[in-house]
Amino acid sequence: MNIAIVGTGYVGLVTGACFSEMGIDVTCVDIDETKIERLKQGIIPIYEPGLEELVKKNFQAGRLHFTTDLATCLNEVEVIFSAVGTPPGEDGSADLRYVLEVARTIGQNMEKYVLVVTKSTVPVGTAQTVKAAIQEELAKRGLKIAFDVASNPEFLKEGTAIKDFMGPDRVVVGIESDKAKELMDRLYKPFTLNNYRMIYTDIPSAEMIKYAANAMLATRISFMNDIANLCELVGADVNMVRNGIGSDLRIGKKFLYPGCGYGGSCFPKDVKALIKTAEENGYEMQVLKSVEKVNEYQKGILFDKLFKQYAGNLKGKTVALWGLAFKPNTDDMREAPSIVLVEKLLKTGVKVKVYDPIAMNEAKRYFGDNVEYAKDIYDAVVDTDAVFLLTEWNEFRLPSWSAIRKLMKEPVIIDGRNIYNANELAEAGFKYFCIGSK
Ligand SMILES: NC(=O)c1ccc[n+]([C@@H]2O[C@H](COP(=O)([O-])OP(=O)(O)OC[C@H]3O[C@@H](n4cnc5c(N)ncnc54)[C@H](O)[C@@H]3O)[C@@H](O)[C@H]2O)c1
């Protein structure tokens, strides 16, 4: 089977690499010429465990191709996945500019039947807008060529993307024709052999499933952050509370970890977009508005802890940040809590040193020369008045506290992910602050 994947980012490149690993002939398309040229040379634009090996292997085997020319390759494939970005517009709604650009290019160049599958996260109704855009372009050419649209939202998580794609909990596909179903069945057959469930729905429901899933996960995080903040005020320990409620099978243990706010390219924008979709339909998403509000508040609480510790006298202090990516095992810093914290620190006249095992290059795009880039966690803490832990990378879990104590000016650790042991740090002579417990 021959397919094309348009948009070679976190989702498109992983999707392309995984389908090609199953023996499918995949052409990855992107408008970014540099990215495509580098991919042809085996240079992977993002950090994702296992991705480099998979891309190189399948590229060398001749099953994975890279091009900037969608117009040419689209007539050689049966299915086109669109995995371009859908960033938030100024009003919070999903910006469909790139999705529609792809649709128009397809309409302007298609010569035969093709199934156009939207993999990007898009509001309900987008498949119909894509269909209309293709039809409009065909009409301009005076042509009537049959095609189908489908929706196949992606649930992979950055950091475990390959594993998630290869062994998904489920594959959701919104379809409106038997032919589309048959093609999607064939394509996902290698994955479903291992009993992964295919869930077929109508297209609007598939589009909504993705938003509802992300909104639910974001809700759990904000809920737990709210509970954590209350725990601090009343003297309860959120870690114990989490364990207690997570053991209830109706609730479950996942996504109950309080922290310094959710970030990343998906939750913030998808929560916003769903609120906006509701607004456009005369409805108010009251829960999600609160989810957003709690998250904004939460991104500020690490700074507040420092502010309180030094009674507001922060000017001239130096701090270190351990971890900049929005979560471990990725270099993605989109909407990361580290960005909000660094902004607040710099505004208050605090000198900031940062370290992340993978996201240092990405960090330079955000912080430029305004922060100092350290070579490891020990280098970062020299002469600092506090250390913030923002991303729970494995290499941060068991540092040598005695070495760190000697290097720091003031022994203050502010743990935004609750990974350290309060007693151990107290014994090592630190003032330790975390989320949701004393
Ligand atoms: N990143 C994730 O973890 C994740 C998970 C599930 C779903 N999604 C959704 O998948 C979509 C893509 O997300 P991403 O993180 O991979 O984005 P990304 O920004 O990493 O990649 C998008 C790519 O599309 C390319 N592009 C834009 N316009 C194009 C065009 N006209 N033709 C060809 N290429 C074009 C860009 O150059 C870029 O390389 C979004 O809708 C996102 O919400 C993302």
Side-chain angles (χ1 to χ4, degrees), residues 4-18 27-39 44-49 51 66-74 80-89 93-109 116-123 126-127 130 133 151-165 168-169 171-172 206-207 209-215 217-218 262-274 325-336 362 365:
I5 301 187
V6 192
T8 311
Y10 284 88
V11 168
L13 187 56
V14 169
T15 303
C18 292
T27 304
C28 284
V29 187
D30 206 287
I31 42 167
D32 184 336
E33 287 178 15
T34 317
K35 190 182 262 190
I36 291 297
E37 267 324 299
R38 295 177 128 231
L39 278 162
I44 311 298
I46 52 168
Y47 175 76
E48 183 61 48
L51 183 61
F66 297 103
T67 180
T68 52
D69 185 7
L70 173 60
T72 306
C73 83
L74 73 87
I80 300 173
F81 282 90
S82 177
V84 294
T86 48
S93 63
D95 182 348
L96 296 178
R97 175 181 352 169
Y98 308 111
V99 172
L100 291 176
E101 241 171 59
V102 173
R104 278 191 287 272
T105 307
I106 294 171
Q108 284 156 7
N109 295 283
V116 180
V117 185
T118 302
K119 200 162 234 331
S120 308
T121 304
V122 291
T126 302
V130 164
S151 163
N152 175 214
E154 182 50 56
F155 299 96
L156 63 76
K157 302 180 286 300
E158 286 175 23
T160 52
I162 304 282
K163 189 172 141 273
D164 294 342
F165 197 94
D169 296 337
V171 176
V172 172
E207 291 171 332
I209 285 169
K210 175 64 193 177
Y211 279 107
N214 274 358
L217 296 171
Y262 62 74
S265 68
C266 293
F267 288 3
K269 90 170 164 58
D270 293 349
V271 167
K272 271 196 178 58
L274 200 50
F326 85 96
K327 66 173 178 177
N329 297 317
T330 180
D331 59 353
D332 198 342
M333 281 184 58
R334 289 178 280 187
E335 304 273 346
E362 199 59 14
R365 298 203 304 121

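For ligands, and for the atoms within them, numbers begin at 1 and follow the listed sequence. Because the structure is predicted, anything quoted here is derived from the model rather than measured.
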**Q.** Nearest neighbour of atom 35 (C) of ligand 1 from the list Thr68, Ile46, Val102, Val84, on a heavy-atom basis
**A.** Val84

Q. Under 4.0 Å from any heavy atom of Lys269, which atoms of ligand 1 are there?
A. 42 (C), 43 (O)

Q) Does an N or O anywhere in Asp32 fall below 3.5 Å from an N or O of ligand 1? A) no

Q: Verify side-chain contact (heavy atoms from CB on, under 4.5 Å) between Cys73 and Leu70, making sure each step is shown before the conclusion.
A: CA-CA 5 Å; Cys73 83; Leu70 173 60; 4.3 Å; yes

Q. Does ligand 1 have any atom sitting under 4.0 Å from a heavy atom of Arg334?
A. yes

Q: Before accepting this row, confirm whether a basic side-chain N of the pair Glu101/Arg104 lies closer than 4.0 Å to the acidic partner's carboxylate O.
A: no

**Q.** Polar atom proximity, Glu101 to ligand 1 (N or O, under 3.5 Å)
**A.** yes

Q) Does Tyr98 reach ligand 1 with a nitrogen or oxygen that is under 3.5 Å from one of the ligand's nitrogen or oxygen atoms? A) no

(Q) Test your reading of the structure: does Asp30 have an N or O sitting under 3.5 Å from an N or O of ligand 1? (A) yes

Q | Nearest-neighbour protein heavy atom for atom 3 (O) of ligand 1, which is reported as residue plus atom name and distance | A | Glu158 OE2, 3.2 Å

Q) Are any side-chain N or O atoms of Ser120 and backbone N or O atoms of Val122, one a donor and one an acceptor, separated by less than 3.5 Å? A) no

Q) Short list, please: which atoms of ligand 1 are under 4.0 Å from a heavy atom of Thr86? A) 40 (C), 41 (O), 43 (O)

(Q) To the nearest 0.5 Å, what is the distance between OG1 on Thr126 and CG on Leu96? (A) 4.5 Å

Q.
Heavy atoms only: which of Gly264, Ala83, Ala103, Ser120 lies closest to atom 12 (C) of ligand 1?
A. Ala83

Q. Thinking salt bridges, do Arg334 and Glu158 make one under a 4.0 Å N-O criterion?
A. yes

**Q.** Numbered atoms of ligand 1 (with element) below 4.0 Å of Val6, judged on heavy atoms
**A.** 32 (N), 33 (C)

Q. Does an N or O anywhere in Glu154 fall below 3.5 Å from an N or O of ligand 1?
A. no

Q) Can an N or O of Lys35 be found at a distance shorter than 3.5 Å from an N or O of ligand 1? A) yes

Q: Could you tell me whether some N/O pair between Val11 and ligand 1 is separated by less than 3.5 angstrom?
A: yes

Q.
To the nearest 0.5 Å, what is the distance between NZ on Lys327 and OH on Tyr262?
A. 14.5 Å

Q: Among all protein heavy atoms, pick the one closest to atom 9 (C) of ligand 1 and tell me residue, atom and distance.
A: Thr121 OG1, 3.5 Å

